[in-house]
Amino acid sequence: MGFVEINAIVKRPRSGTLRVALLYPSLYLVAADSLSYQMLYYYLNQQDDVYAERFVLDTDGSPRVESLETGSHLRQFDLIVVSVHYELDLVNILRFLIAAGIPPRSRDRVAPIIIAGGPPVIANPVPLSEYIDVLAVGEIEEIMPFFLEKVRENGLDKDQLLDALPASKGFYVPHHNNGEPVDFIFPKSLPREFHPAAQFQPLEYKGWRRRTAVETSRGCYRSCRFCLEGRIFNVMRERPLKDVIEIALEGSSSNKTRLVKLVSLSYFDHSKAKEILERLIEEDFMFSTPSFRAETLDEDKLELVKQGGQKTLVMAPETGSKRLALTIGKYLSLDRALEVAAIAKRHGFKSLKLYLMVGIPGETIEDLVETVKYIERISQESGFRGERELKLTVSPFVPKPHTPLQDAAFIGLREARRRIDFLQRSLGAIASIREYDPRLAAIQTVIARGDAEVGRLLLEWAFLGGGLGAWRRAAHNVGLNVKRYLGVLSQPHPWDFIRLSPRALWLKAG
């Protein structure tokens with residue numbers, strides 16, 4: 001890796017120890033930044049009869065088939081547990097299997113047994129159904145204890161183990177599923193024992209700030225019409241204030257830092273959000289939060305955030321058009337974001353970062369003009385101006401399964417580029433503008449809404465090494481017209497058998 005890390009777990013496997021390869025199909029720093037991957041790593045290694053070792057991409061993007069802990073080869077492990085959070089990383093799972101000499105198709109493989117989970121898998125496991133033995137449609141706290149129990153009961157006999165994993169408990173076993181629905185399962189609270197305080201990360205590495213990540217809440221009740229995570233995790237659960245502070249205090253010693261990263265989909269939705277920040281300030285912690293909803297902020301909250309050392313305020317209005325904002329569930333944020341930006345400037349925040357989308361269904365040039373006027377107004381009224389102070393990230397809209405906009409068409413590469421260029425020309429003088437490549441957004445759309453045919457494309461893409469350049473060749477080689485996944489969809493969908501929580505809930509901590 002080229003750097004020293006802290007909090008890695010190295011065991012001496014005994015006879016009968018279950019060897020688990022914990023695979024994150026991306027780079028080390030991305031894996032370290034994934035709290036769910038951290039949770040899996042420490043939960044598995046808490047088990048006396050389990051030894052979990054990590055596998056990530058090498059710095060050049062190639063699959064590293066030797067574990068970080070002992071250099072053991074991926075083929076030597078009994079189980080492979082995959083945590084994936086980004087559709088384009090699905091191809092890297094197959095690249096790992098190919099590089100390790102493991103048959104990628106489940107039907108050709110006796111061992112190791114492979115289970116995969118994460119938001120793209122929960123939303124639509126079908127593209128991986130030919131390759132992964134078990135696809136987990138649920139959260140760690142429910143999935144992993146049950147899975148390990150069945151491994152202990154049934155051993156590593158593949159057919160016997162897969163027979164013991166019911167769809168009602170969140171397990172999609174493609175070769176044993178006869179069309180029955182698979183229920184998404186989740187804990188009603190956030191048990192402390194699943195959240196590690198010590199977290200692996202580089203001791204010193206340029207661009208990485210050593211921290212303790214603390215999940216303050218999980219889920220969102222707001223149901224924005226484009227948001228996959230908000231639809232999957234539509235039951236909001238709070239971590240008790242006591243547990244948040246306890247994790248921060250324990251982590252300060254283990255992680256050699258007084259910085260806390262507060263992880264949630266909308267931090268100030270937590271009923272004790274202000275009290276958490278006040279306690280962290282009392283304990284002399286610095287803290288950061290990835291993003292806020294503007295309507296949850298006020299002057300007192302921003303002052304607390306500033307006292308914690310955060311210098312950049314991050315919000316995601318998505319559009320400046322009130323008409324479009326109403327259709328996607330972001331209407332309340334628009335006017336409030338103008339006020340909040342001005343307050344943030346007065347309180348000494350150094351920069352403002354905003355996330356925008358182009359290609360939202362029904363978007364017109366008038367809506368883009370409204371967005372330009374909106375950003376100009378934010379800049380004028382707040383004082384944030386110039387590439388160091390006002391930062392915009394622009395992404396094409398990607399329709400996702402299970403959301404109200406799941407059937408909408410992708411805007412198209414040429415049109416996405418035209419709209420991004422319009423924002424660049426119109427706002428480049430007052431802001432720095434980063435974009436998400438429309439080509440990647442198109443591929444993301446195809447994979448997110450894919451079926452078994454897209455799965456075959458993934459395997460060909462993996463054999464060609466992945467990457468943008470190989471995608472078109474892979475599609476040509478398998479004879480798949482990807483345009484049919486980019487247009488308006490009609491029912492039924494490949495993912496319709498996945499049953500998520502039927503309505504949004506908010507389960508507050510006691």
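All of these numbers come straight from a predicted model, not from anything done at the bench.
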Candidate pair D133 and K158, rule side chain to side chain contact (heavy atoms under 4.5 Å, CB included), full reasoning: CA-CA 9 Å; D133 304 310; K158 183 174 174 178; 2.9 Å; yes
Do F96 and F55 pass the ring pair (Phe, Tyr, Trp, His ring centres under 6.0 Å) test, and can you show the C-alpha distance, the side-chain angles, and the key distance before you say yes or no? CA-CA 9 Å; F96 265 100; F55 289 79; 7.1 Å; no
State whether a side-chain donor-acceptor pair under 3.5 Å links E53 with S67. yes
Take I281 and L304 through the test side chain to side chain contact (heavy atoms under 4.5 Å, CB included) and record every step on the way to the result. CA-CA 8 Å; I281 290 169; L304 286 172; 3.8 Å; yes
Is there a donor-acceptor contact under 3.5 Å linking the side chains of R19 and S72? yes
Salt bridge or not for E246 and K242, using N-O below 4.0 Å? yes
With side chain to side chain contact (heavy atoms under 4.5 Å, CB included) as the criterion, how do K306 and K311 come out once you've worked through the C-alpha distance, each side chain's angles and the decisive distance to 0.1 Å? CA-CA 7 Å; K306 179 63 170 53; K311 297 178 180 179; 5.8 Å; no
Does NZ or CZ of R54 lie under 6.0 Å from the centre of the six-membered ring of Y24, at an angle within 45° of the ring axis? no
Non-hydrogen side-chain atoms of R279 and L241 separated by less than 4.5 Å: yes
Yes or no on side-chain hydrogen bond (donor to acceptor under 3.5 Å, both in side chains) for Y436 and Q444, after CA distance, side-chain angles and deciding distance? CA-CA 11 Å; Y436 182 74; Q444 193 179 359; 3.2 Å; yes
If the condition is ring pair (Phe, Tyr, Trp, His ring centres under 6.0 Å), which residues does Y42 pass it with, not counting sequence neighbours? none
Quick check with a 6.0 Å cut-off and a 45 degree axis cone: is R449 positioned over the face of Y485's six-membered ring? no
So L27 and T59, do their side chains get closer than 4.5 Å, heavy atoms only? no
For N234 and G230, indicate whether the former's side chain and the latter's backbone hold a donor-acceptor pair under 3.5 Å. no
Apply side chain to side chain contact (heavy atoms under 4.5 Å, CB included) to the pair E69 and Y51, showing each step before the final yes or no. CA-CA 10 Å; E69 283 75 10; Y51 182 17; 3.5 Å; yes
At what distance, to the nearest 0.5 angstrom, does CD of E283 lie from CZ of F285? 6.5 Å
Between the main-chain N or O of T445 and the side-chain N or O of E87, is there a donor-acceptor pair closer than 3.5 Å? no
Between F397 and F226, is a ring pair (Phe, Tyr, Trp, His ring centres under 6.0 Å) present by the stated rule, with each step listed? CA-CA 8 Å; F397 163 74; F226 62 90; 7.5 Å; no
Flag the pair R239 and E215 as a salt bridge only when some basic side-chain nitrogen lies within less than 4.0 angstrom of an acidic carboxylate oxygen. yes
Under a 3.5 Å threshold, yes or no: a donor from one side chain and an acceptor from the other, between N255 and T212? yes
For the residue pair Y43 and F194, does the interplanar ring angle fall in the parallel (under 30°), tilted (30 to 60°) or perpendicular (over 60°) class? parallel
We want to know whether S129 and H175 form a side-chain donor-acceptor pair, criterion being a heavy-atom distance below 3.5 angstrom. no
D163 and H176 side chains, donor-acceptor separation under 3.5 Å: yes
Under 3.5 Å side-chain donor-acceptor pair for E435 and T393: no
Could you walk me through whether F146 and F171 pass the ring pair (Phe, Tyr, Trp, His ring centres under 6.0 Å) test, one step at a time? CA-CA 10 Å; F146 188 91; F171 296 96; 5.7 Å; yes
Do the side-chain N and O atoms of Q199 and N7 include a donor-acceptor pair separated by under 3.5 angstrom? no
N/O donor-acceptor pair under 3.5 Å between T216 side chain and S264 backbone: no
